[in-house]
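Below you'll find the structure, written out as structure tokens, and then a few comments.
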Number of protein chains: 2
Amino acid sequence: MLDVKRLQVLLAIVEEGSVTAAATALGYTPSAVSQQLLRLEREAGQPLLDRHARGMTPTDAGLVLARHARKVVRQLAAAESDLADIAGVRRGSVTLGTFPTVGSSFLPLAVRRYRELYPAIQLTIHSGREDHLVRMLEEGAVALSLLWDYDWQRVDNRDLELTELFTDPTVLLVGATHRLARRRTVRMADLADEPWIIRAGGHPVVEVLERSAVAAGFTPGIAFHANDYQEAQAMVSVGLGIALAPRTATVNQHPDVRVISLGDTAPARRVLVAHRPGRVRAAAELALHDVLVETAASYS
Amino acid sequence: MLDVKRLQVLLAIVEEGSVTAAATALGYTPSAVSQQLLRLEREAGQPLLDRHARGMTPTDAGLVLARHARKVVRQLAAAESDLADIAGVRRGSVTLGTFPTVGSSFLPLAVRRYRELYPAIQLTIHSGREDHLVRMLEEGAVALSLLWDYDWQRVDNRDLELTELFTDPTVLLVGATHRLARRRTVRMADLADEPWIIRAGGHPVVEVLERSAVAAGFTPGIAFHANDYQEAQAMVSVGLGIALAPRTATVNQHPDVRVISLGDTAPARRVLVAHRPGRVRAAAELALHDVLVETAASYS
DNA sequence: CATGCGCCTGTAGCAATACTGCATGCTTCG
DNA sequence: CGAAGCATGCAGTATTGCTACAGGCGCATG
């Protein structure tokens, strides 16, 4: 049986990129890390890392093993978390994961309702990006997490149990002086020649524009790469271009921006609540789950 | 981070039922096992096992932790198996899991075809019960496994990827001198007053009879509990009663037994091939998968 | 082309840890 | 009431894993 400590060492090296970096991250000396690595490679019967002058990169075997190591480590973290739950350390408290747009639109409603119903329960909320949320779920750092997905990239994690809360349509943002500002609805096909403002850094919402533009028969011209939806709205307000956004992102609406429906000419995203199955679910957690579902029912 | 060795100790105690039994299973002295257990309980901050005079039983926390331990151990076994695959130790060989009925009906056809196509590849087959098959899959002891399920109890394992091969209808077995022996098809409702022969030991196929009898509006009378389908056929042949069986179980047909279709008045089972997703799949394995699917297509 | 820097690895010694062997206490069964 | 089966405590030993330090290798820089 492979030694888990050594696997953790491997994981650290893969993630940090070098033995010395891994050593400082783990609080060991490089020598110790190196020794453990060598033993692991001997046990594995094959090299796990390619050495070069500055640091190391994993071989195929190293990558596979690191992936297994990650799962093992998360499983152990989940075990510890479950133990803490059972010991009652966390009785009367829940932790929830969320992401920015929903965190500033739908979630406050649910939180208010939850506090009304269960004022004694301490609710802790972590906001983060999708991968972070999934990791926290798997490690038991949060009991529940809100997630989202689109048709073409469903959350497909076999270690999560999903409940759909509501669908969040994609809407169009235009400046107050834009030619379409007075319209209630618009079709994507009407927007072929407009300059677009999109989220920077390969944010998944970029694909929403690409796909719906393709479906409408045009290639969008990009005028600006925005870092968040507030910035996107600011640019829209001064007429630099128009933008797509999930409706939940338009709660803090800029005064000079108009929100226009796209009907079904742009895809909607699902907002979900996820939890790790097979856990002992505390009453506080089940209650929160219910409040989320219930609030969602009266939300759209 | 919890220590995996200790978790294995806990697992052994839970499965063996006592410290001494676990110790012999692990090749340690009872003292060592006891010490590790105590440390684990101290780390966990709560008792994990209830002591009584003869052995121990797990507490809730102990059960939960043992479940996590099982997953960790399997993950580690899978990691080792993947390493062996990558190292090429198993290149040109595949292992397959199967279960008795299909192992003596459909599988030989697929194996013959596979040997024709790839005579150089060494094929190893393990036959076992469902839980054993799933365990072997998860640990990487077999690369592929045949499995089966019915509508009401689908194989629902998030760590397995399933491909349906064919459906295996439930047929009726009667003795050669039975009043219905000449019939080609029969409905369950016609069999209300017959004595039945079923599989012993809560075999899942018992539920097939119960459910289809209920659907047909009667409660079956049981005349015999058989240990396997050969025995069941023997009893049917002497007229002790009639029996249900998946059609694949009727390949070695007893001379004095007649097989009669039940149409859709009895449920059929799915026969599947499963593999652990996210693995590096060897060419030999993919080829076997293809041959299974292909053979199945021309099977029913 | 030489020097220096960053990194990995090897050796020796020390500290922590896990196991054995044996003894003890508890409970149940004959 | 004694014997058997079980868990556990204690002391000693063997293994393991870490540190400290020294070397060696590859690349960059002057």
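Treat the numbers as computed from the prediction; the structure is a model and nothing was measured. Letters go in sequence order (proteins before strands), and every chain restarts at 1. Only this structure's heavy atoms are used, side chains among them; waters, hydrogens and symmetry mates stay out.
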For a salt bridge (charged side-chain N to carboxylate O under 4.0 Å, His left out) check, start with the C-alpha distance between B:Arg67 and A:Asp82, then their side-chain angles and the critical distance, and finish with the verdict. CA-CA 11 Å; B:Arg67 209 167 57 216; A:Asp82 279 3; 5.5 Å; no
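- To the nearest angstrom, P of C:dT27 lies 15 Å from CG of B:Asp50.
- No hydrogens or angles were tested; on distance alone, nothing pairs the side chain of B:Gln35 with the base of C:dT17 as donor and acceptor under 3.5 Å.
- There is a side-chain donor-acceptor pair under 3.5 Å between B:Thr57 and B:His52.
- Donor-acceptor pairing under 3.5 Å is lacking for the side chains of B:Gln36 and B:Asp3.
- Looking at A:Ser81, its side chain never comes within 3.5 Å of a backbone N or O of A:Ala141 through a donor-acceptor pair.
- The interatomic distance linking B:Leu38 (CG) with D:dC10 (C1') rounds to 13 Å, in whole Å.
- Taking the ring centre of B:Tyr229 as origin, the terminal cationic atom of B:Arg199 falls inside the region bounded by 6.0 Å and 45° from the ring axis.
- When only modelled atom types and interatomic distance are considered, B:Ser34 and B:Arg39 share no side-chain donor-acceptor pair under 3.5 Å.
- In this structure, NZ of B:Lys5 is placed 14 Å from C1' of C:dA16, rounded to the nearest angstrom.
- As a whole-Å value, the separation of B:Arg51 CZ from C:dG25 C1' is 15 Å.
- Considering only the side chain of A:Met56, C:dC8 comes nearest among D:dC18, C:dC8, C:dA18.
- As judged by a 4.0 angstrom heavy-atom cut-off over every strand, B:Ser18 is placed among residues touching the sugar-phosphate backbone only.
- Taking the side chain of A:Tyr28 as heavy atoms from C-beta on, and the options C:dA18, C:dT9, D:dT19, the nearest nucleotide is D:dT19.
- Atom CG of A:Asp3 is separated from atom C1' of C:dT17 by 13 Å (rounded to the nearest Å).
- At the heavy-atom level, B:Gly17 lies nowhere under 4.0 Å from the strands shown.
- When the P atom of D:dT19 is taken as reference, atom CG of A:Leu26 falls 10 Å away, rounded to whole Å.
- Phosphate contact (OP1/OP2 of C:dG21, side-chain N/O of B:Thr29, threshold under 4.0 Å): absent.
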Using the 3.5 Å cut-off, write out each protein N or O paired with an N or O of nucleotides 24-26 of chain D and the distance between them.
none

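- Residues B:Gln75 and A:His68 have side chains that bring a donor and an acceptor to within less than 3.5 angstrom of each other.
- Between A:Arg39 and D:dG17, a side-chain N or O to OP1/OP2 separation shorter than 4.0 Å is present.
- For B:Ser31, the listed nucleotide lying nearest its side chain is C:dG21; candidates were C:dC19, C:dA18, C:dG21.
- B:Glu41 places its CD atom 12 Å from the P atom of D:dA7, with the value rounded to the nearest Å.
- One interatomic measurement links the two molecules: CG of B:Leu48 to P of D:dA7, which rounds to 15 Å at whole-angstrom precision.
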